[in-house]
A.B. asks: 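Dropping the structure in here first, questions after.
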Amino acid sequence: MTALEFHGVSVRLGRGRRAVTVVDDVTLTVPSGGVTGLVGESGCGKTTLARAAVGLVPLSGGAIHPRSRVQLVFQDPYSSLDPRMTVGAAIAEALPRRTRSDEVSRLLDLVGLDPALAVRLPRHLSGGQRQRVALARALTARPEVVIADEITSALDVSVQGLVLNLVREIQRELGLTMLFISHNLAVVRYVSDHVAVMRAGRIVESGPVEQVLSEPADAYTRTLLAAVPTLRSAPGA
Amino acid sequence: MLRIAALLSLLFLLFLTGLGPIIWGDDALAIDTAALAQGASAAHPMGTDGLGRDVLARIMVASRLTVGLALLTTAIAVAGGLVLGGLPAVLGPRAGRLINGFVGLVVAFPGLLIALVLAVVFGSGGTAAALAIGVASIPSFARLTQTLAASVAGRDFIAAARVLGVGRVRMLYRHILPNIAEPLVVQATLGAGGALLAFAALSFLGLGVQSPGYDWGVLLNEGLNRVYINPAAALGPGLAVVLAGLAFNVMGEYAAQAFGGRSRVIRTRGRSSRPAPGPALRVRDLTVRYGDAVPVKGVSFEVVPGERVGIVGESGSGKSLTALAVSGLVEPPGQVSGDIEAAETAMVFQDPMTSLNPALRIATQLAEVATTHEGMSRRAARSLAVTRLTDVHIAQAARVVRQYPHELSGGMRQRAMIAMGLMGTPRLIIADEPTTALDVTVQKQILDLLREVSTTTGAAIVLVSHDLAVVGQLCSRVLVMYAGVIVEDLPVSRLTAEPDAGDGPAHPYTRALLAAVPDLTADRSRPLATIPGRMPSPLDVTGGCPFAPRCPRADSRCHAETPAFDGAVACWHPHTTEHVLKEESR
């Protein structure tokens, strides 16, 4: 397996004078077979970084390695599947023709779905099921690196647990290198070994997840941590 | 109604084009030298032409050629439009821009003008004219295809397919075209009507079908020469053009309705505003129906002034619909029944970008509340708007009121939305997932603001959220909803208590929901707690407790009998203090 490496990556969006630097000189390594969480607020550039890694956004500086066998799982399972395509067809799309039906069944089974669901359209599936289909679809390309971009933020808590457990299981089973993007610190802490905190296009802090969350060095990380709503210390109580 | 009209139109066109030439074919050619250029008579209802041929028969026979040419024209326009409009998606951004620019340029010319020029270039005759009108209609169709394709191209599933390595051509026919087919079909049907009209116009001008062939345009031309002698000969073809054009349009309208899912409006009211005093909100047996589906099944609760109540549940639990019903905002075909007595209400929505009007300045939107509801003067309302924005801690409120919603950040917009609610004197604020679209740091600020507003104005708050932690942060009492009913009503202190200490929530669902939330102290080595199975759909008629199939404590009684809500919990086997003690002593 390969590590996912960002070397001084910058992304500018827009043209001419109105161009904005969305990702600013990011250097980050996701160790081979490990999970690195990426946290930050909306607009900080984490999604752009993910899209740059799979080539959906051009780089304006720096380099990303590897450039192939990287797959992205999108935030919204309601929009990342073609509404007119059955689950089976969506998964089969990137597979060689000969092995299709076996492989579709195997992948559906891998993400804990009944292979009989292959003939259904996405609208007949729940959000959690759709997100599992999206994951199965990303795995068809036999990726070495998977980027998960806020994959549970559109899901209910009860379903979020299922998807997170599945992601952890599959990542370990296949030895995937994973960049796990989320704004939810509790979710990131649960899934990741390392964590990087992003603000305004830059990485402000990174390190082992327990260390960063228990002894944050950066003021912004502390602000983020303080804002996490928790039930145990609810002021309303 | 429209469906019948569309069906009749289709039958009418099929009848004319299919049977017209067969029935009237001979009459249309029969030359009657005894009746040259006559007016209407019993033998010839619309008179005869210069050679004594029956005009009515000729109109009927001409319908096949006319409608056929209109369809050919539309086919040319659609095929050309799809190719030209789809090319940018296939060729990539640079060539795409070039084509888009070209299409934009051509669209700027009137279609009929281009058709006239092309008709001259292509020469006379029916097919040449069809080509001319067809080609002239390509640009507008291409423009539509391209705009629709661009709107689909921005969606995630296209990006997902690209990452998977799906090629551009396949992308076009497999992903883009199926998703834009509906509006294109509608446009094509409407376009056929337009083509029919344009064709009649060209033939009338002598640029279309040439003698001895004839279509309605040619007949109209012939008839018009003698309009004062025999008006029917001119009116007949004209009427035929109008009817056929209408038939196409009615079919297009029907297609649009069938695809677009437009529906008629049915309004039922189940809400009354009631002046103070008394509870801020009293809901009795609230039920919301959509046809056979019943997403809210008899919900009753009360909120006293100043109280902050959270409604939590998964998507599909009916929590948002309950909030909407309370505000009188359930859209048809939804039907609301039950009693709702609410004090003056303000509503805060999930997405402040869509709930503020993007075309109006903040001041205008805020002032409107006070001018319409309180009869305040515009100047007074404006200064009140500035005061209220300051109240919700917007710095430089005097500057912000002059801005448009898109110039504000998400958190600022949500503050403006709350300020808008405060323009009146609400005694109840209903907030439906007010922080879901916001970042954690901003979320905290908005929750703090809502608490402050409630404390200073005495307004009650109903907060709808899927996030137990958010509810725990703001509220003092929580209603837990599942499959359209309230399953538990408990103080937040019980929600936050250690469940093992015998003081946690009573309903197994509430406990399961709590356990599923990862917090910063969760054990990373163990899998997260989940709730197996899924919530029954609003269509299901469930006997027994709706949560029974997923419940670890369920027994045969739970599957057979529905537990009634006793004011605290709806469960046959709730976790109670005694129960826990009993288990511990075992």
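Labels below follow one simple rule: chain letters A, B, ... track the order of the sequence lines, proteins then strands, and each chain is numbered from 1.
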A.B. asks: Between B/R174, B/Q445, B/Q443, B/H466, which shows the greatest number of heavy-atom pairs under 4.5 Å with chain A?
C.D. replies: B/R174
A.B. asks: Before giving the answer on side chain to side chain contact (heavy atoms under 4.5 Å, CB included), spell out for A/V228 and B/L520 the whole-Å C-alpha distance, their side-chain angles and the decisive distance to 0.1 Å.
C.D. replies: CA-CA 9 Å; A/V228 174; B/L520 287 172; 4.3 Å; yes
A.B. asks: So for A/Y190, is it side chain, backbone, both, or neither that comes closer than 4.5 Å to the heavy atoms of chain B?
C.D. replies: both
A.B. asks: Given that the side chain runs from C-beta out, which part of A/D82 has a heavy atom under 4.5 Å from chain B: side chain, backbone, both or neither?
C.D. replies: both
A.B. asks: Taking side chain as everything from C-beta outward and backbone as N, CA, C, O, which of these in B/A515 sits under 4.5 Å from a heavy atom of chain A? Side chain, backbone, both or neither.
C.D. replies: neither
A.B. asks: A quick test of your reading: do over 12 heavy atoms of other residues, nucleotides or ligands sit less than 6.0 Å from CZ of A/R120?
C.D. replies: no
A.B. asks: By a 4.5 Å heavy-atom criterion (distance strictly below it), what part of B/R526 contacts chain A: side chain, backbone, both, or neither?
C.D. replies: backbone
A.B. asks: Begin with the C-alpha distance, continue with both residues' side-chain angles, and end with the deciding distance and a verdict on side chain to side chain contact (heavy atoms under 4.5 Å, CB included) for B/K444 and A/T223.
C.D. replies: CA-CA 11 Å; B/K444 189 167 186 296; A/T223 316; over 6 Å; no
A.B. asks: What part of A/T152 is in contact with chain B, defined as an atom under 4.5 angstrom from a non-hydrogen atom: side chain, backbone, both or neither?
C.D. replies: neither
A.B. asks: Working to the nearest 0.5 angstrom, can you tell me the gap between A/N184 CG and B/D467 CG?
C.D. replies: 8.0 Å
A.B. asks: Using atom types as modelled and distance alone, determine if a side-chain donor or acceptor of A/D156 lies under 3.5 Å from a backbone N or O of B/S315.
C.D. replies: yes
A.B. asks: Measure the spacing between CG of A/L162 and OG1 of B/T530 and express it to the nearest 0.5 Å.
C.D. replies: 4.5 Å
A.B. asks: Does any heavy atom of chain B fall under 4.5 Å from the side chain of A/L164, the backbone, both, or neither of them?
C.D. replies: side chain
A.B. asks: Which region of A/D149, side chain (C-beta onward) or backbone (N, CA, C, O), has a non-hydrogen atom less than 4.5 Å from a non-hydrogen atom of chain B, or is it both or neither?
C.D. replies: neither
A.B. asks: Set out, in order, the CA-CA distance, both residues' side-chain angles and the distance that settles side chain to side chain contact (heavy atoms under 4.5 Å, CB included) for A/R84 and B/H175, then state yes or no.
C.D. replies: CA-CA 8 Å; A/R84 303 302 168 94; B/H175 290 287; over 6 Å; no
A.B. asks: Show the numbers, then the answer: is there a side chain to side chain contact (heavy atoms under 4.5 Å, CB included) between B/V517 and A/Q160?
C.D. replies: CA-CA 9 Å; B/V517 185; A/Q160 167 177 285; over 6 Å; no
A.B. asks: Is A/R189 in contact with chain B via its backbone, its side chain, both, or neither, using a 4.5 Å heavy-atom distance?
C.D. replies: both
A.B. asks: Among the options A/N165, A/V157, A/V54, pick out the one with the most heavy-atom pairs lying under 4.5 Å from chain B.
C.D. replies: A/N165
A.B. asks: Taking side chain as everything from C-beta outward and backbone as N, CA, C, O, which of these in A/A89 sits under 4.5 Å from a heavy atom of chain B? Side chain, backbone, both or neither.
C.D. replies: side chain
A.B. asks: Please, which pairs that meet side chain to side chain donor-acceptor pair (under 3.5 Å) have at least one residue in residues 64-77 of chain A, sequence neighbours excluded?
C.D. replies: A/Q75-A/S153
A.B. asks: Between A/A226, A/S79, A/G161, A/A134, which residue shows the highest count of heavy-atom pairs closer than 4.5 Å to chain B?
C.D. replies: A/S79
A.B. asks: So for A/V209, is it side chain, backbone, both, or neither that comes closer than 4.5 Å to the heavy atoms of chain B?
C.D. replies: side chain
A.B. asks: Where is the tightest heavy-atom contact between B/P518 and A/A186, given as atom of each residue plus distance?
C.D. replies: O-CB, 3.3 Å
A.B. asks: Tell me, for A/T140 versus chain B, whether the close heavy atoms (under 4.5 Å) come from the side chain, the backbone, both or neither.
C.D. replies: side chain
A.B. asks: Measure A/L185 against the heavy atoms of chain B and call it side chain, backbone, both or neither at under 4.5 Å.
C.D. replies: both
A.B. asks: Given a strict heavy-atom distance threshold of 4.5 Å, which part of A/E210 is in contact with chain B: side chain, backbone, both, or neither?
C.D. replies: side chain
A.B. asks: Nearest heavy-atom pair of B/F157 and A/P83: which atoms, and what distance?
C.D. replies: CE2-CD, 3.6 Å
A.B. asks: Taking all non-hydrogen atoms of both residues, which atom of A/R51 and which atom of B/A159 are closest, and how far apart?
C.D. replies: NH2-CB, 3.7 Å
